[in-house]
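Here the structure is laid out as structure tokens; the discussion comes afterwards.
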Amino acid sequence: MPELPEVETVVRQLRAVLPGSRFWRVVCRDGRQMLPSARVLRELLPGKVIRDIRRLGKYIIFDLSDDLVMVVHLRMTGMLLLKPSERLKKFIRAEFTFSNAKKMYFSDIRRFGRIWLYRSHEFMDRTGLKKLGIDPLLQKVDLDLLEKVYGQTKGTLKSRLLDQTVIAGIGNIYADEICFAAGLHPASRLEKLTKKDLQKLAGAISACLLEGIRHGGTTIADFVGTRGDAGKHQRYLQVYGRSGEPCYRCYALIKKMRLAGRGTHFCLKCQQLKK
DNA sequence: AGTCAAACCTGGGCGC
DNA sequence: TGCGCCCAGGTTTGAC
């Protein structure tokens, strides 16, 4: 569930608190999620200092001293918490204590999340970061860019929006919201989109992601910030999770279908199907 | 190249 | 109360 705006929210909160901290003790409760292994994390992290925390797509990157990099992907239900709520305590899979007494917890109900620890020259290969496409916050998404990355490809709009090797960071919720904002049906064929469509799409991608960040992310079931605080963006969603409810723009009922293997929400009247 | 389904997991909501 | 079933959706993998 965490997509670019949720991950960005977490990174901003961590950045405000953790850089400069030195790892002191590491407890891993689930080895499956740690790579290359929980033992490597336990043995290599203590003594290392967090130099910087940043984000690429949905990945969180901790640049550490001694040429090490720790990478975290939250996948569906992962969370990095400074203060875990009672409910989330039983899902804590790793616990990081720093020598300044600060703590960071990795909680993950469904255990899809991953934590990697590698040398700086190998983490791009080992984590999948190397395959990521452009990050829409670091690179301006405009008509030029979309023509470049979508120009020669086929397929449905939604499946391309979800493709992390093209544009990194868009997930199911924002993909639906972006399609609505652009006035395009998610099942539209990419090869049928006009220049004007791509123009609208570019604006929609930037606008939807930035608005999600402005609202501190979207909380549907599980996402919370580092202090367990819910985001506010779910109050502003136009189509996701609203099937059967009236469209805010035209009052037609929001529809739901299965597309690219995901629940897909749209307004038939506001979103044009280009086929 | 694209499409699709299954796998990885578990909590929560549903019907009975 | 509780069982069985389905749903959620990020990513990888493998088949067609």
Side-chain angles (χ1 to χ4, degrees), chain A residues 1-10 29-35 55-61 71-80 84-94 106-116 123-133 135-136 149-179 186-193 209 212 217-224 231 233-234 237 239-244 256-266 275:
Chain A
M1 207 224 102
E3 307 179 30
L4 188 149
E6 289 72 42
V7 176
E8 179 67 20
T9 299
V10 170
R29 302 216 169 80
D30 191 336
R32 284 176 290 177
Q33 299 184 258
M34 321 297 163
L35 294 156
R55 179 197 58 75
L56 274 180
K58 299 170 194 167
Y59 289 80
I60 301 168
I61 304 170
V71 178
V72 178
H73 198 303
L74 302 173
R75 295 276 171 90
M76 308 285 298
T77 54
M79 291 168 227
L80 287 175
S85 65
E86 278 310 310
R87 178 180 114 79
L88 292 175
K89 272 187 181 159
K90 64 170 182 261
F91 307 114
I92 290 172
R93 315 298 182 194
F106 173 64
S107 160
D108 189 1
I109 294 174
R110 292 172 66 180
R111 303 175 198 255
F112 287 160
R114 292 289 179 269
I115 302 181
W116 297 265
F123 81 96
M124 290 292 283
D125 285 325
R126 303 286 190 155
T127 57
L129 268 163
K130 200 180 179 179
K131 285 184 270 178
L132 280 195
D135 186 287
V149 297
Y150 287 161
Q152 304 308 317
T153 83
K154 299 183 176 187
T156 63
L157 173 56
K158 174 143 178 181
S159 67
R160 280 325 238 175
L161 284 172
L162 290 173
D163 187 342
Q164 304 298 304
T165 69
V166 182
I167 297 175
I170 300 169
N172 201 43
I173 297 172
Y174 290 92
D176 284 2
E177 295 298 313
I178 287 165
C179 289
S188 292
R189 306 290 310 179
L190 268 187
E191 60 273 25
K192 301 291 182 192
L193 298 189
L209 296 176
T218 305
T219 299
I220 298 293
D222 294 305
F223 171 74
V224 289
H233 193 57
Q234 62 281 3
L237 296 178
V239 285
Y240 183 86
R242 299 196 63 246
S243 57
K256 181 173 180 181
M257 69 182 284
R258 202 99 192 143
L259 185 61
R262 333 288 263 280
T264 299
H265 315 72
F266 55 95
K275 229 170 151 48

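Convention: sequence-line order gives letters A, B, ...; per-chain numbering from 1.
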### With A:Ser159 via side chain to side chain donor-acceptor pair (under 3.5 Å) - residues at least two apart
A:Thr156
### Query
Got a sec, which residues hit salt bridge (Lys or Arg N to Asp or Glu O under 4.0 Å) with A:Lys275, two or more places apart in sequence or on another chain?
none
### Query
How far does the P atom of C:dT11 sit from the matching atom of B:dG11, given to the nearest Å?
22 Å
### Query
Got a sec, which residues hit side-chain contact (heavy atoms from CB on, under 4.5 Å) with A:Lys90, two or more places apart in sequence or on another chain?
none
### Query
Taking NZ, NE, NH1 and NH2 as the nitrogens, is one of them in A:Arg55 or A:Asp135 under 4.0 Å from a carboxylate oxygen of the other?
yes
#### Entry: Atom-pair distance (CG on A:Leu56; P on C:dT11), nearest Å
13 Å
### Query
With respect to the phosphate group of C:dA8, does any side-chain polar atom (N or O) of A:Arg258 fall under 4.0 Å of OP1 or OP2?
yes
### Which nucleotides of DNA chain B pair, in dot-bracket form (Watson-Crick or G-U under 3.5 Å, | meaning another strand)
.|||||||.|||||||
## Note on the structure
From NE2 of A:His265 across to P of C:dC7 the rounded distance in Å is 13 Å
### Message
Using a heavy-atom cut-off of 4.0 Å across all strands, would you classify A:Gly155 as base, sugar-phosphate, or nothing?
### Response
sugar-phosphate
### Query
Looking across every strand, which nucleic acid part, if any, lies under 4.0 Å from A:Lys256 by heavy atom: base, sugar-phosphate, or nothing?
sugar-phosphate
#### Entry: Residues in salt bridge (Lys or Arg N to Asp or Glu O under 4.0 Å) contact with A:Arg93, at least two apart in sequence or another chain
none
### Message
At less than 4.0 Å, is any side-chain N or O atom of A:His73 found next to OP1 or OP2 of C:dT11? Yes or no.
### Response
yes
### Message
What's A:Arg189 touching, base or sugar-phosphate or nothing? Going by heavy atoms closer than 4.0 Å.
### Response
sugar-phosphate
### Task
State whether A:Gln164 places a side-chain N or O below 4.0 Å from either non-bridging phosphate oxygen (OP1 or OP2) of C:dG10.
no
What's touching nucleotides 14-16 of chain C from the protein side, N or O pairs under 3.5 Å?
none

### Task
Quickly work out the A:Ile173 CD1 to C:dG10 P distance and round it to whole Å.
7 Å
### Query
Would you say A:Lys58 reaches C:dT11's phosphate, i.e. side-chain N/O to OP1/OP2 under 4.0 Å?
yes
### Task
Please work out if A:Arg32 contacts a base, only the sugar-phosphate, or nothing of the nucleic acid, heavy-atom cut-off 4.0 Å.
sugar-phosphate
### Task
Between C:dC3 and B:dC9, how far apart are the P atoms? Round to whole Å, please.
23 Å
Would you mind writing out the side-chain donor-acceptor pairs for residues 162-170 of chain A within the sub-3.5 Å range, not counting sequence neighbours?
residue  : atom : partner  : partner atom : Å
A:Asp163 : OD1  : A:Thr165 : N            : 2.9
A:Asp163 : OD1  : A:Thr165 : OG1          : 2.7
A:Asp163 : OD2  : A:Arg160 : NH1          : 2.7
A:Gln164 : OE1  : A:Gly169 : N            : 2.8
A:Gln164 : NE2  : A:Leu162 : O            : 3.0
A:Gln164 : NE2  : A:Ile170 : O            : 2.9

## Note on the structure
Sequence neighbours excluded, the answer for ring pair (Phe, Tyr, Trp, His ring centres under 6.0 Å) partners of A:His265 is A:Tyr240
### Task
Output all residues satisfying salt bridge (Lys or Arg N to Asp or Glu O under 4.0 Å) with A:Lys58, sequence neighbours left out; order by chain, then residue number.
none
### Task
Report the residue from A:Lys158, A:Glu177, A:Arg262 that forms a side chain to side chain donor-acceptor pair (under 3.5 Å) with A:Asn172.
A:Lys158
#### Entry: Test ring pair (Phe, Tyr, Trp, His ring centres under 6.0 Å) applied to A:Phe266 - qualifying residues, sequence neighbours left out
A:His185
### Task
Give me the first and last nucleotide of DNA chain B, going 5' to 3', that has any atom under 4.0 Å from a heavy atom of chain A.
B:dG2 to B:dG12
### Query
Residues in salt bridge (Lys or Arg N to Asp or Glu O under 4.0 Å) with A:Lys89, at least two apart?
A:Glu86
